[in-house]
Amino acid sequence: MDPLELREFRYFMAVAEELHFGRAASRLRIAQPALSKAIQRIETRLGVQLFVRTSRSVTLTDPGRVLLEQGRHALNAMDVAVQRTRQAAETGPLRLAMKPGGDAGLLSALLAEYAKTPHARHVDIMFHPGPERADLVRDGRADAALLYAPFEDLTGLTIQTLHVEDRVAVLPEGHRLAGRSSIRSADLDGETFPRWRGISDDGSDGPELNDVAELIPLVRLGRVVAVLPRSLVTPAAPGTLCVPVADAEPSCIVLGRNEHDHRDSVAALMAAATTANSR
């Protein structure tokens with residue numbers, strides 16, 4: 001039996017995800033009859049039925065669900081292979097992912113130091129507010145990222161610590177703790193904390209947020225409080241204030257690259273970060 005072609009995998013995946021031949025054909029920009037025939041050929045080649053079709057619905061069979069799961073892995077692996085191949089050519093700009101405002105003022109010095117490197121490449125900044133910046137590095141969509149530890153998953157990355165800072169409670173003006181020079185975590189018992197999208201559930205029962213920009217209006221209203229790295233929330237936004245949390249674990253800003261990426265240009269960026277940070 002011949003293996004499926006990449007094009008056929010993409011046809012199947014479109015139908016499996018849309019569960020509608022018309023929408024899948026539109027997504028693939030091919031005619032619906034051609035897509036139906038392609039799926040029939042795939043089923044014949046594999047010797048299994050992948051979909052149950054009626055006049056009203058399309059559903060996956062058990063073999064179809066297996067192929068959907070494995071097909072996603074195969075396509076992701078192919079995408080990563082393409083990204084890594086392009087990276088290996090050492091052409092084009094380096095891509096640095098970061099949270100908007102998430103560099104604690106370090107970025108300019110880092111880029112200036114890297115620019116001194118022989119054969120330095122242009123660095124494109126990829127602003128990404130969500131928690132997937134490390135994923136961008138792991139799968140090759142970014143060459144490096146500025147990340148916050150211990151909040152982000154650094155698995156599979158080689159990191160260089162650039163900055164260590166304390167964490168502060170972000171409170172509304174007039175809060176019961178507003179007059180304190182510092183507090184402890186226990187002082188915040190009973191407060192409502194937000195849940196951060198993509199971060200493991202810590203038991204908070206507050207609203208789910210993507211970033212600090214969404215947090216500040218809710219703090220002003222007294223709906224939530226948060227404990228965050230100082231550089232993300234200072235100077236304090238109007239209507240809010242920041243109080244150091246004495247027993248909170250320090251936060252680190254790190255520069256991370258894929259642990260399997262040994263290109264000279266990325267190594268030079270990491271070295272430049274070390275040099276800039278030592279000055």
Side-chain angles (χ1 to χ4, degrees), residues 17-19 68-69 72-73 76 79 95-104 125-139 141-142 144-157 159 163 165-178 183-256:
E17 291 172 353
E18 298 288 348
L19 292 178
L68 173 61
E69 179 182 356
R72 282 175 173 154
H73 293 319
N76 287 340
D79 289 342
R95 295 156 299 172
L96 176 65
M98 61 175 285
K99 179 193 293 288
D103 68 322
I125 307 301
M126 302 171 60
F127 289 111
H128 198 292
E132 298 88 6
R133 287 178 296 279
D135 288 337
L136 299 180
V137 178
R138 277 188 282 265
D139 65 20
R141 287 174 289 168
L146 289 172
L147 304 165
Y148 277 87
F151 312 104
E152 299 184 77
D153 180 8
L154 304 180
T155 304
L157 303 183
I159 64 169
H163 179 66
E165 61 185 335
D166 65 342
R167 293 163 64 189
V168 297
V170 189
L171 309 172
E173 290 182 348
H175 190 275
R176 60 185 174 84
L177 300 173
I183 62 175
R184 300 186 70 81
S185 299
D187 294 325
L188 296 169
D189 287 350
E191 298 285 352
T192 299
F193 290 83
R195 292 173 292 117
W196 298 103
R197 185 175 63 84
I199 304 298
S200 299
D201 184 11
D202 60 2
S204 301
D205 57 0
E208 184 177 63
L209 305 179
N210 290 305
D211 55 34
V212 173
E214 295 180 356
L215 169 74
I216 297 302
L218 295 179
V219 172
R220 286 197 195 103
L221 292 171
R223 302 285 178 83
V224 297
V225 303
V227 177
L228 294 174
R230 180 183 290 274
S231 63
L232 284 179
V233 288
T234 56
T240 71
L241 53 90
C242 298
V243 180
V245 181
D247 59 344
E249 181 180 0
S251 169
C252 299
I253 298 178
V254 304
L255 180 64

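On a predicted model such as this, the values are computed, not experimentally measured, just so you know.
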Interatomic distance, Leu255 atom CG to Ile159 atom CD1 [nearest 0.5 angstrom]: 9.5 Å
Assess the residue pair Val219 and Val224 against the criterion (side chain to side chain contact (heavy atoms under 4.5 Å, CB included)); give the C-alpha distance rounded to whole Å, side-chain angles, the decisive distance to 0.1 Å, and a yes or no. CA-CA 5 Å; Val219 172; Val224 297; 4.0 Å; yes
His175 side chain near Leu241 side chain, heavy-atom distance below 4.5 Å: no
Shortest non-hydrogen contact between Ala104 and Ile253, atoms and distance: CB-CD1, 3.4 Å
Are any non-hydrogen side-chain atoms of Leu215 and Pro194 less than 4.5 angstrom apart? yes
So the salt bridge (Lys or Arg N to Asp or Glu O under 4.0 Å) pairs with at least one residue in residues 231-243 (sequence neighbours excluded) are none
Would you mind reporting whether Val168 and Val233 have side-chain heavy atoms less than 4.5 Å apart? yes
I'd like to check the side-chain contact (heavy atoms from CB on, under 4.5 Å) partners of Ala97; sequence neighbours left out, ordered by chain and number. Met126, Arg133, Leu136, Ala142, Ala145
Are any non-hydrogen side-chain atoms of Ile183 and Leu188 less than 4.5 angstrom apart? yes
Would you say that Leu154 contacts Leu147 through its side chain, given a criterion of any heavy-atom pair below 4.5 Å between the two side chains? yes
Of all residues at least two apart in sequence or in a different chain, which pass the salt bridge (Lys or Arg N to Asp or Glu O under 4.0 Å) check with Arg72? Glu17
What residues, two or more places apart in sequence or in another chain, satisfy side-chain contact (heavy atoms from CB on, under 4.5 Å) together with Pro217? Arg220
Name all residues meeting the salt bridge (Lys or Arg N to Asp or Glu O under 4.0 Å) criterion together with Arg230; count only those two or more places apart in sequence or in a different chain, and write none if there are none. Asp166
Would you say the side chain of Trp196 lies within less than 4.5 Å of the side chain of Glu208, judging by non-hydrogen atoms? no
So does Glu191 pair up with Arg223, basic N to acidic O under 4.0 Å? no
Here the side-chain hydrogen bond (donor to acceptor under 3.5 Å, both in side chains) pairs for residues 238-256, sequence neighbours left out, are Ser185-Asp247
How close do Gly174 and Ala178 get, counting heavy atoms only, and between which atoms? N-CB, 4.4 Å
As an exercise, state the distance from CD1 of Ile125 to CG of Leu146, rounded to the nearest 0.5 Å. 8.0 Å
Do you know which two heavy atoms are closest between Pro229 and Phe151, and how far apart they sit? CG-CE1, 3.7 Å
Which residues pass the side-chain contact (heavy atoms from CB on, under 4.5 Å) test with Glu214, not counting sequence neighbours? Leu209, Asn210, Asp211
Residues passing the salt bridge (Lys or Arg N to Asp or Glu O under 4.0 Å) test with Asp135, sequence neighbours excluded, are Arg138
Heavy atoms of Val137 and Ala144 approach each other most closely as CG2-C, 3.7 Å
Test applied, side chain to side chain contact (heavy atoms under 4.5 Å, CB included); reference residue, Val243; option that passes from Leu171, Leu177, Val227: Leu171
Shortest non-hydrogen contact between Arg184 and Ala246, atoms and distance: NH1-CB, 4.3 Å
For Val245 and Asp187, what are the C-alpha separation, side-chain angles and deciding distance, and is it a side chain to side chain contact (heavy atoms under 4.5 Å, CB included)? CA-CA 9 Å; Val245 181; Asp187 294 325; over 6 Å; no
Holding to side-chain hydrogen bond (donor to acceptor under 3.5 Å, both in side chains), I want the full list of residues that pass it with His163, two or more places apart in sequence or in another chain. none
Can you find a heavy atom in the side chain of Ser231 that is under 4.5 Å from one in the side chain of Tyr148? yes
Heavy atoms of Ala248 and Arg167 approach each other most closely as CB-CB, 4.1 Å
Taking only residues two or more places apart in sequence or in another chain, which ones pass salt bridge (Lys or Arg N to Asp or Glu O under 4.0 Å) with Glu165? none
